[in-house]
Amino acid sequence: QVQLVESGGGLVQAGGSLRLSCSLSGRTFRGFTMAWFRQPPGSEREFVAGIFRGSGNPKYADSVKGRFIISRDNAKNTMELQMNNLNAADTGVYFCAGDSTLILSSMFDSRAYDYWGQGTQVTVSS
């Protein structure tokens with residue numbers, strides 16, 4: 001059974017940084033495309049960043065390009081999201097998602113992911 005567990009959320013001032021981590025257990029991590037989605041208060045869940053299975057092929061939402069960095073460590077079964085220069089619009093619940101069969105073009109679609117973490121709250125105060 002695949003399990004995803006996030007960590008690293010919290011409260012930060014605008015302009016600050018946070019690092020989120022997601023660990024996968026139950027299957028071979030290298031075979032999973034991984035992504036971060038977030039759900040701002042009162043809004044739909046949205047794609048933040050993703051990294052393709054195997055060697056990785058990172059993709060970012062336009063709103064976070066240049067500020068966020070997604071990475072994966074296949075040896076440790078973990079994915080991280082380094083978030084820099086945070087602003088109030090980055091506030092929300094961040095979810096880790098994984099899937100072993102989706103194609104690259106589906107990376108941005110939450111419906112393409114079979115496995116989800118429980119979410120971690122990120123709050124940016126202005």
Side-chain angles (χ1 to χ4, degrees):
Q1 181 178 354
V2 175
Q3 186 173 17
L4 299 177
V5 178
E6 303 106 334
S7 62
L11 173 64
V12 64
Q13 288 188 330
S17 298
L18 280 176
R19 181 188 296 262
L20 304 182
S21 294
C22 173
S23 63
L24 181 148
S25 61
R27 293 271 295 277
T28 303
F29 181 73
R30 176 180 291 273
F32 277 71
T33 294
M34 303 296 295
W36 291 97
F37 287 78
R38 68 187 180 191
Q39 188 160 12
S43 298
E44 298 289 319
R45 193 170 298 190
E46 62 186 26
F47 174 82
V48 176
I51 188 162
F52 205 61
R53 57 182 173 267
S55 60
N57 184 352
K59 302 292 184 184
Y60 298 93
D62 288 343
S63 59
V64 307
K65 280 180 182 176
R67 300 188 298 122
F68 290 12
I69 300 171
I70 189 171
S71 62
R72 65 186 297 155
D73 186 333
N74 291 331
K76 296 182 178 179
N77 292 357
T78 59
M79 169 182 68
E80 292 190 337
L81 184 69
Q82 177 65 41
M83 305 186 293
N84 300 317
N85 194 21
L86 287 159
N87 58 61
D90 296 316
T91 293
V93 180
Y94 283 67
F95 297 90
C96 169
D99 196 89
S100 61
T101 63
L102 66 80
I103 58 175
L104 186 57
S105 59
S106 298
M107 182 185 288
F108 314 96
D109 187 350
S110 62
R111 297 169 297 178
Y113 293 83
D114 282 341
Y115 303 102
W116 292 84
Q118 79 284 359
T120 185
Q121 177 70 43
V122 171
T123 303
V124 183
S125 62
S126 55

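The basis for the numbers below is simple: all heavy atoms, side chains too, and nothing from hydrogens, waters or symmetry mates. Note that the structure is predicted; figures quoted are calculated from it, not measured.
The two residues Ser106 and Ala112 come nearest to each other via the heavy atoms O-CB, 3.7 Å. Between Asn84 and Ser17, the closest heavy-atom pair is OD1-OG, 3.0 Å. Scanning all heavy atoms of the two residues, the minimum distance from Ala14 to Ser126 falls at CB-CA, 4.2 Å. When all heavy atoms of Tyr113 and Ala35 are compared, the closest pair comes out as OH-CB, 3.3 Å. Taking both residues in full, the closest heavy atoms of Met34 and Cys96 are given as CE-SG, 3.7 Å, listed atom of the first, atom of the second, then distance. What you find for Leu102 and Phe52 is that their closest heavy atoms are O-CE1, 3.8 Å.
Asn87 contributes atom CG, which lies 13.5 Å from atom CD of Gln13 (distance to the nearest 0.5 angstrom). To the nearest 0.5 Å, atom CD of residue Glu6 and atom CG of residue Leu4 are 7.0 Å apart. The OG atom of Ser100 sits 7.0 Å away from atom CG of Asp114, with the distance rounded to the nearest 0.5 Å. In this structure, the separation between OG on Ser110 and CD on Glu44 is 8.5 Å, given to the nearest 0.5 Å. Distance check, rounded to the nearest 0.5 Å: NZ of Lys76 to CG of Leu24 gives 16.0 Å. The structure places CD1 of Ile70 at 6.0 Å from CG of Leu81, a figure rounded to the nearest 0.5 Å.
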query = Where do Gln118 and Phe95 land on the side-chain contact (heavy atoms from CB on, under 4.5 Å) test, with the steps shown first?
reply = CA-CA 7 Å; Gln118 79 284 359; Phe95 297 90; over 6 Å; no
task = Go through the steps for Asp109 and Met107 under the test side-chain contact (heavy atoms from CB on, under 4.5 Å), then give the verdict.
result = CA-CA 6 Å; Asp109 187 350; Met107 182 185 288; over 6 Å; no
message = Walk me through whether Arg19 and Glu80 qualify under side-chain contact (heavy atoms from CB on, under 4.5 Å).
response = CA-CA 7 Å; Arg19 181 188 296 262; Glu80 292 190 337; 2.6 Å; yes
message = One pair to check against side-chain contact (heavy atoms from CB on, under 4.5 Å): Val64 and Phe47. What are the steps and the verdict?
response = CA-CA 10 Å; Val64 307; Phe47 174 82; over 6 Å; no
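You'll find the side chain of Phe68 reaches within 4.5 Å of the side chain of Leu86, heavy atoms only. Residues Phe32 and Val2 meet the side-chain proximity criterion, which asks for heavy atoms closer than 4.5 Å. By the 4.5 Å heavy-atom criterion applied to side chains, Tyr60 and Asp62 are not counted as neighbours.
For Asp99 and Thr101, the side-chain atoms include at least one donor-acceptor pair closer than 3.5 Å. For Thr123 and Gln121, the side-chain atoms include at least one donor-acceptor pair closer than 3.5 Å.
A salt bridge links Asp90 with Arg67: the closest approach of a Lys/Arg side-chain nitrogen to an acidic carboxylate oxygen falls below 4.0 angstrom.
Under a hydrophobic clustering in which Ile, Leu, Val, Met, Phe, Trp and Tyr are joined whenever their side-chain heavy atoms come within less than 4.5 Å, directly or via other members, Phe108 and Leu104 fall into the same cluster.
Checked against the 6.0 Å centroid criterion, the rings of Phe37 and Trp116 qualify as a close aromatic pair.
The only member of Ser21, Ser23, Cys22 that meets side-chain contact (heavy atoms from CB on, under 4.5 Å) when paired with Ser7 is Ser21. Of the listed residues (Leu20, Leu11, Thr91, Val93), just one forms a side-chain contact (heavy atoms from CB on, under 4.5 Å) with Val122, and that residue is Leu20.
Remark: the backbone N or O of Tyr94 is not paired with any side-chain donor or acceptor of Arg45 at under 3.5 angstrom. Judged by distance alone, the side chain of Thr33 and the main-chain N or O of Arg53 form a donor-acceptor pair under 3.5 Å.
The cationic atom of Arg72 (NZ for Lys, CZ for Arg) lies less than 6.0 Å from the six-membered ring centre of Phe29 and within 45° of the ring axis.
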